[in-house]
Asker: 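There's a structure below that I have some questions on.
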Amino acid sequence: MRIRAALPDDAPAVVALRAIVYPYLVRGVVSTRQMIAEPPAGDWTAFVVEDGDRIVGWASAFRNVSSSETGFGEISLLHVHPDHRRRGAGTLLFDTAARHLSALGVQRVRTWAQADSLDFARGRGFTPSRDLRYSMLETRLAPPPPAAPGGVTIVPLSELDERELYTAYVAASSDEPGDIPSDAISFDDWCYEVWNNLGLDKDASVAAVDGADIVAFTLVKRDGERMWSDMTATLPEHRGRGLARLAKTVALQRAAAGGVTVAYTSNDESNAPMLAVNARLGYQPVAAQWSCLGTLQGS
């Protein structure tokens, strides 16, 4: 086995591998190719492990640029094909990603682990921190949208100004549950991650607008018949009005009309309001992962 930097042409094999290990994650070949060819901010890079001419492992590593906490990085989605585990591929990926982060001056690192990978994380000095629930819904089973509160209209993202949505996104993210605050994403980085993402369905993604103000929204990223609810949020001063459920239900309806058959989402287990919304919509748990925190040796 050998490790190397990921290339744009690896995208089909990378997506196929992810579908085996993480069948509940949604990111298509086109957006994966874009991510590798035009990397995100934070000195993002990705590595693949090959066995012969077959890609059997993947990990990305980057500085977190969405938080005011400095010196924080991530080793994201480190995974190896089930048939190739316990042969050193995971160690190759972790060690290479850790060297990349160390060279950037990163001190604290977050990674993610499924239940069967927690021992791997602990063995490298990482401690499980937060439990993340993944859920699935067949869109044909989604309930009809509730009535909108007085003065509220539902508008697709394709009819919105990106600056206004960015402002709402930042405000709604201020108290999002997590290991570090999500309070420092720049407009340019947000455009890369959200607005210009090739997987974003701007017709299925919608916002609740009260007067001239965006008060809630839900983002839909799509790959064929599958969709991912990337973020559903309500601005703090408008919570308790049922706006998140309204926006998400309308988005599911619009996505289904566009050919989506299955929807996936994830929530921090401490996020009781969104877990309740998803349960009411009919989402069923399908998997769990844990964020794990550690300090790189020598940092």
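The basis for the numbers below is simple: all heavy atoms, side chains too, and nothing from hydrogens, waters or symmetry mates. On a predicted model such as this, the values are computed, not experimentally measured, just so you know.
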Asker: Could you check if a side-chain atom of N278 sits within less than 4.5 angstrom of a side-chain atom of S135, using non-hydrogen atoms only?
Answerer: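 No, too far: nothing below the 4.5 Å cut-off.
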Asker: I want to check something: taking the side chain as every heavy atom from C-beta on, are Q284 and L137 in contact at a cut-off of under 4.5 Å?
Answerer: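 A side-chain contact is absent here, since even the closest heavy-atom pair is not under 4.5 Å.
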Asker: Under a 3.5 Å threshold, yes or no: a donor from one side chain and an acceptor from the other, between R122 and T127?
Answerer: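 No pair is found: no donor N or O on one side chain lies under 3.5 Å from an acceptor on the other.
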Asker: Below 4.5 Å, heavy atoms only, C-beta onward: do L165 and T167 meet side chain to side chain?
Answerer: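 With C-beta onward as the side chain, the pair stays apart.
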Asker: Hey, what do you get for OG (S66) to CD (E193), rounding to the nearest 0.5 Å?
Answerer: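 Taking OG in S66 and CD in E193, the distance rounds to 6.5 Å.
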Asker: Run through Y134, Y264, W228, Y283 and flag the one making a ring pair (Phe, Tyr, Trp, His ring centres under 6.0 Å) with Y24.
Answerer: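 With Y24 as partner, ring pair (Phe, Tyr, Trp, His ring centres under 6.0 Å) holds for just one option, Y134.
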Asker: Using side chain to side chain donor-acceptor pair (under 3.5 Å), reason through D183 and S68 one step at a time and then give a plain yes or no.
Answerer: CA-CA 6 Å; D183 58 355; S68 57; 2.9 Å; yes
Asker: Does a side-chain heavy-atom distance below 4.5 Å link W290 with Q114?
Answerer: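 In short, these two side chains do not touch, never coming nearer than 4.5 Å.
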Asker: Spell out, as yes or no, whether a donor-acceptor pair under 3.5 Å connects the side chain of T111 to the backbone of I75.
Answerer: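 A pair under 3.5 Å: yes.
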Asker: Using a strict 4.0 Å threshold on nitrogen-to-oxygen distance, state whether E50 and R4 make a salt bridge.
Answerer: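 Answer for the salt bridge query: yes.
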Asker: Does the pair D213 and H238 meet the rule for a side-chain contact (heavy atoms from CB on, under 4.5 Å), with working shown?
Answerer: CA-CA 11 Å; D213 299 325; H238 292 277; 5.7 Å; no
Asker: Could you go through the side-chain contact (heavy atoms from CB on, under 4.5 Å) check for R2 and V49 one step at a time?
Answerer: CA-CA 6 Å; R2 72 183 186 101; V49 168; over 6 Å; no
Asker: Could you tell me whether the side chain of S67 and the main chain of P181 form a donor-acceptor pair under 3.5 Å?
Answerer: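 The answer is yes, because a donor-acceptor pair under 3.5 Å joins these two groups.
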Asker: Using the side-chain contact (heavy atoms from CB on, under 4.5 Å) rule, take V152 and V209 through it: C-alpha gap first, then chi angles, then the decisive distance, then the call.
Answerer: CA-CA 5 Å; V152 173; V209 178; over 6 Å; no
Asker: Looking only at non-hydrogen atoms, find the nearest pair between C292 and P128 and report the distance.
Answerer: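 Shortest heavy-atom separation between C292 and P128 comes out as SG-CA, 3.9 Å.
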Asker: Is there a donor in the side chain of D188 and an acceptor in the side chain of S186, or the other way round, less than 3.5 Å apart?
Answerer: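 Distance-only check fails for D188 and S186.
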Asker: Check the pair D116 / R85 against salt bridge (charged side-chain N to carboxylate O under 4.0 Å, His left out), numbers first and verdict last.
Answerer: CA-CA 11 Å; D116 59 359; R85 292 174 184 169; 3.8 Å; yes
Asker: With the side chain counted from C-beta on, respond yes when L77 and V21 share a heavy-atom pair under 4.5 Å apart, and no when they do not.
Answerer: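 No, too far: nothing below the 4.5 Å cut-off.
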Asker: Measure across S173 and M231 and return the closest heavy-atom pair with its distance rounded to 0.1 Å.
Answerer: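 Looks like OG-CE, 3.2 Å.
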Asker: Count the heavy atoms belonging to other residues, nucleotides or ligands that lie under 6.0 Å from CD of E225, then report whether that count exceeds 12.
Answerer: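 For E225, atom CD is not crowded (no more than 12 foreign heavy atoms under 6.0 Å).
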Asker: Do the ring planes of W190 and F187 sit parallel (below 30°), tilted (30 to 60°) or perpendicular (above 60°)?
Answerer: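 Rings of W190 and F187: parallel, under 30°.
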Asker: Taking all non-hydrogen atoms of both residues into account, name the closest pair between S205 and L200 and its distance.
Answerer: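 Of all heavy-atom pairs spanning S205 and L200, the closest is OG-CD1, 3.6 Å.
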Asker: Using 0.5 Å steps for rounding, measure from the CZ atom of F94 to the CG atom of L296.
Answerer: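 F94 atom CZ to L296 atom CG measures 6.5 Å (nearest 0.5 Å).
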Asker: Between R124 and D95, is there a side-chain N and carboxylate O pair less than 4.0 Å apart?
Answerer: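 The answer is no: the pair does not qualify as a salt bridge.
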Asker: Which heavy atom of F62 sits nearest a heavy atom of S76, and at what distance?
Answerer: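 Closest approach of F62 to S76: CE2-CB, 3.8 Å.
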Asker: Regarding S158 and D203, is there a side-chain donor-to-acceptor distance under 3.5 Å anywhere?
Answerer: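 Present: a donor and an acceptor within the cut-off.
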Asker: Nearest 0.5 Å please: distance from the CG atom of L235 over to the OH atom of Y169.
Answerer: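 L235 CG to Y169 OH: 13.0 Å, rounded to 0.5 Å.
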Asker: Atom CD in E38, atom CG in L198: separation rounded to 0.5 Å?
Answerer: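 The distance works out to 8.0 Å.
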Asker: Judged by atom type as modelled, is there a donor-acceptor pair below 3.5 Å linking the side chain of S174 to the main-chain atoms of A171?
Answerer: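 Pair found, side chain donor or acceptor close to backbone of A171.
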Asker: Taking atom CD of E269 and atom CG of D131, what is their separation to the nearest 0.5 Å?
Answerer: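 Reported value, rounded in 0.5 Å steps: 4.5 Å.
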Asker: Determine, for R254 against D201, whether the closest basic-nitrogen to carboxylate-oxygen distance falls under 4.0 angstrom.
Answerer: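 Salt bridge flag = no for D201 with R254.
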Asker: Determine whether L246 and P149 make a side-chain contact, defined as any pair of heavy atoms from C-beta on separated by less than 4.5 Å.
Answerer: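 Yes - at least one pair of side-chain heavy atoms lies under 4.5 Å apart.
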Asker: Any side-chain heavy atom of R63 within less than 4.5 Å of one from E74?
Answerer: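 Side chain of R63 against side chain of E74, heavy atoms only: no contact under 4.5 Å found.
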Asker: For side-chain contact (heavy atoms from CB on, under 4.5 Å), just list the numbers for K248 and T265, CA-CA rounded to whole Å, side-chain angles, deciding distance to a tenth of an Å, and then say yes or no.
Answerer: CA-CA 11 Å; K248 195 160 189 175; T265 192; 3.5 Å; yes
Asker: Which heavy-atom pair separates I214 from A207 by the least distance, and what is that distance?
Answerer: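 In this case the closest contact between I214 and A207 is CG2-CB, 4.0 Å.
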Asker: Tell me, with the steps shown, if T261 and R140 meet side chain to side chain donor-acceptor pair (under 3.5 Å).
Answerer: CA-CA 7 Å; T261 61; R140 65 182 179 83; over 6 Å; no
Asker: With a 4.5 Å cut-off on side-chain heavy-atom distances among I, L, V, M, F, W and Y, is there a chain of contacts connecting V170 to I180?
Answerer: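 No; I180 is not reachable from V170 via cluster members.
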Asker: Would a single hydrophobic cluster contain both V26 and L17, if residues Ile, Leu, Val, Met, Phe, Trp and Tyr are joined by side-chain heavy-atom contacts under 4.5 Å?
Answerer: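 Yes: a chain of side-chain contacts under 4.5 Å links L17 to V26.
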Asker: Is the closest basic N to carboxylate O distance between R87 and D51 below 4.0 Å?
Answerer: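 The answer is yes: the pair qualifies as a salt bridge.
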Asker: Please report the C-alpha distance between D179 and S291 in whole Å, then the side-chain angles of each, then the deciding distance to 0.1 Å, and finally whether the side chain to side chain donor-acceptor pair (under 3.5 Å) criterion is met.
Answerer: CA-CA 8 Å; D179 295 302; S291 66; 2.9 Å; yes
Asker: Given the rule that I, L, V, M, F, W and Y join up when any side-chain heavy atoms are under 4.5 Å apart, are V48 and W44 in one cluster?
Answerer: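 Same cluster.
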Asker: Rounded to the nearest 0.5 Å, what's the gap from CG on L243 to CG on D210? Could you check?
Answerer: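 Answer for the CG-CG pair, L243 versus D210, is 8.0 Å.
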Asker: Suppose the criterion is salt bridge (Lys or Arg N to Asp or Glu O under 4.0 Å): which pairs have a residue in residues 149-166, not counting sequence neighbours?
Answerer: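 Every pair satisfying salt bridge (Lys or Arg N to Asp or Glu O under 4.0 Å) with a residue in residues 149-166: there are none.
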Asker: Do Y192 and I36 belong to the same hydrophobic cluster, where Ile, Leu, Val, Met, Phe, Trp and Tyr are linked whenever their side-chain heavy atoms lie under 4.5 Å apart, directly or via other members?
Answerer: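 Same cluster.
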Asker: With hydrophobic residues grouped by side-chain heavy-atom distances under 4.5 Å, do F120 and L293 end up in a single group?
Answerer: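 Cluster IDs for F120 and L293 differ.
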Asker: Can you check whether L219 reaches V194 side chain to side chain, under 4.5 Å on heavy atoms?
Answerer: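 They are in contact (side-chain heavy atoms under 4.5 Å apart), so the answer is yes.
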Asker: Tell me the closest heavy-atom pair linking D268 and L275, and the distance in Å.
Answerer: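 For D268 and L275, the tightest heavy-atom pair comes out as O-CD1, 3.9 Å.
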Asker: So D230 and R27, salt bridge (charged side-chain N to carboxylate O under 4.0 Å, His left out) or not? Walk me through it.
Answerer: CA-CA 11 Å; D230 193 52; R27 185 161 201 153; over 6 Å; no
